[in-house]
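Order of the sequence lines sets the chain letters (A, B, ...), proteins ahead of strands, with each chain counted from 1. Just so you know, these numbers use all the heavy atoms, side chains as well, and skip hydrogens, waters and symmetry mates.
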There are 2 protein chains.
Amino acid sequence: MTTPKTKPSIDTIAAECLAVRMRMLNRVVTNIYDDALRPLGLKVSQMNILVATAKMGMARPAEVCHRLHLDASTLSRNVERMKARGWLEVVPDEDGRAQPFRLTAQGRKLLQKAAPAWQKAQRKARAILGDEIAEGLKDAIGRLPSEGLPE
Amino acid sequence: MTTPKTKPSIDTIAAECLAVRMRMLNRVVTNIYDDALRPLGLKVSQMNILVATAKMGMARPAEVCHRLHLDASTLSRNVERMKARGWLEVVPDEDGRAQPFRLTAQGRKLLQKAAPAWQKAQRKARAILGDEIAEGLKDAIGRLPSEGLPE
DNA sequence: CTTAGGTGATTGTATATGCATATTTTTTCA
DNA sequence: TGAAAAAATATGCATATACAATCACCTAAG
C-alpha cells in the first residue's frame with residue numbers, strides 16, 4: 001500500500017514525503033533551542049557536541065561522529081570553532097594521527113550555565129512534538145543501521 | 001515530571017534532549033534522500049521546494065516560507081540557485097516588490113524523473129522511522145504555532 | 001503631493017553539513 | 001625492511017540555514 005507499482009505523483013510526494021516533515025520539524029526545533037541559547041552565545045549544534053564530549057571525557061573525533069551520525073569533516077570544523085572559543089582542547093595521544101579532545105573548564109562552566117535555557121527549550125519542543133514522538137524518535141535512533149555497513 | 005525544579009544535569013540533557021534526536025535523525029534521513037537523488041543532480045532540500053512550487057502553481061516567496069517554516073533569506077538563496085539551473089522562473093507581477101516564481105518545463109520534467117528515486121528513499125526512511133513516527137510527525141506539524149505570533 | 005511606515009525580498013555575515021580529496025601516521029605483509 | 005594498504009583527520013568546495021541590515025516598492029496620513 002505504501003509501495004505501488006506506479007510512479008508516485010507530485011501530489012503523493014507532497015503529501016507523504018518524510019524528508020519534508022523531518023526537515024521542517026528539525027528547523028522549528030533547532031530554532032527553539034537556538035533562540036533559548038542565544039544569550040549564551042551558544043548554538044544547539046555546539047551544545048550537542050559539548051554534551052557528547054562531557055559524557056565521553058576524552059573524545060575521539062571518529063567516535064563522536066559515529067555516535068552522532070555526523071560526517072567527520074563537519075565535526076572537524078565545529079570542533080575547530082569551539083577550540084577557538086576556548087570550550088574544547090586537544091590532548092596529546094600516542095597515535096600521531098589521533099586528535100582526541102575534551103572539555104576545558106570554561107566549556108564545562110558554559111554547559112552548566114546553559115542548562116536552564118536548555119530546559120525551557122526542551123519544554124517547548126516537547127509541547128510541539130508530544131511525548132509519543134519524543135519516545136518514538138529514541139526508538140528510531142536505536143534502529144539506525146550501524147555506520148560503515150554497505151547498503 | 002518533565003519539569004523538575006532542579007537544574008538539569010549534563011546526564012539528563014544527554015539522555016533526553018529532543019534536539020539531539022531530531023537533528024541526528026534529520027541528518028540520517030536527509031542523507032538517504034540526497035543519496036537517492038544524487039544521480040539527478042538534485043538535493044532533497046531543492047526537491048522540497050520544487051514540490052511545493054508545483055503544488056502552488058504560482059509561488060510567492062513569503063507563502064512558501066510560511067508553509068515550509070523556512071527563513072526568507074534561505075529560500076531566496078535556494079531559489080537563486082534553482083533559477084540558475086533552469087528549474088524555476090520568475091513571473092512578472094503588478095506589485096513591484098513581489099518576485100513570484102513557478103516551475104519551468106525543465107523543472108517539472110526533473111521532478112517527474114526524480115519520482116522513482118524519491119520512492120526508494122521514502123521506503124528506506126519509513127523503515128527507519130516506522131509508520132507511527134511518520135504519522136506522528138504529520139500531527140506535530142499540524143500543532144505548529146502559526147508564524148508571526150509572539151511566544 | 002509628499003513623506004512616514006509598512007511590506008516583500010535580497011544581501012552581508014556566520015555556522016552547519018556532507019562529498020571528494022589530500023595529508024599524516026600507523027599497520028600489514030611480501 | 002620497505003612499500004602498499006588502511007586509518008584518522010583535515011581541506012577544498014558547494015549547499016543549507018538563519019539573523020541583522022538593507023533595498024525597493026507600496027500605502028496611508030497629513
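For N31(B) and dT17(C), the shortest distance from a side-chain N or O to OP1 or OP2 is not below 4.0 Å. Distances shorter than 4.0 Å separate some side-chain N or O of S45(B) from OP1 or OP2 on dA16(D). Taking 4.0 angstrom as the limit, S76(B) places none of its side-chain polar atoms (N or O) nearer than this to OP1 or OP2 of dA9(C). Contact between the side-chain N/O atoms of N78(B) and the OP1/OP2 oxygens of dT15(D) is not found at any separation under 4.0 Å. Distances shorter than 4.0 Å separate none of the side-chain N or O atoms of R97(A) from OP1 or OP2 on dA6(D). Contact annotation: Q46(A) side-chain N/O to dA16(C) OP1/OP2 distance is under 4.0 Å.
The residue R27(B) sits close only to the backbone: its heavy atoms come under 4.0 Å of sugar-phosphate atoms, none of a base.
Contact of the V44(B) side chain with the L37(B) side chain is registered, since non-hydrogen atoms from C-beta on lie closer than 4.5 Å. A heavy-atom distance below 4.5 Å is not found between the side chains of K43(A) and T30(A).
Taking for each of D35(A) and P61(A) the nucleotide of DNA chain D with the nearest heavy atom, the 5'-most of the two is the partner of P61(A). Nearest-nucleotide positions on DNA chain D place A98(A) closer to the 5' end than the other of G96(B) and A98(A). Each of K83(B) and R38(B) has a nearest nucleotide on DNA chain C; the 5'-most of these lies closest to K83(B).
Screening R126(A), K124(A), K138(A) against L18(B) for a side-chain contact (heavy atoms from CB on, under 4.5 Å) leaves a single residue, R126(A).
Set against dC19(D), dG18(C), dA16(D), the side chain of D71(A) has dG18(C) as its closest nucleotide.
Within 6.0 Å of CD in E132(B) there are 12 or fewer heavy atoms belonging to other residues, nucleotides or ligands.
For dT13(C), the base has a donor-acceptor partner in the side chain of R77(B) [N/O atoms by modelled type, under 3.5 angstrom].
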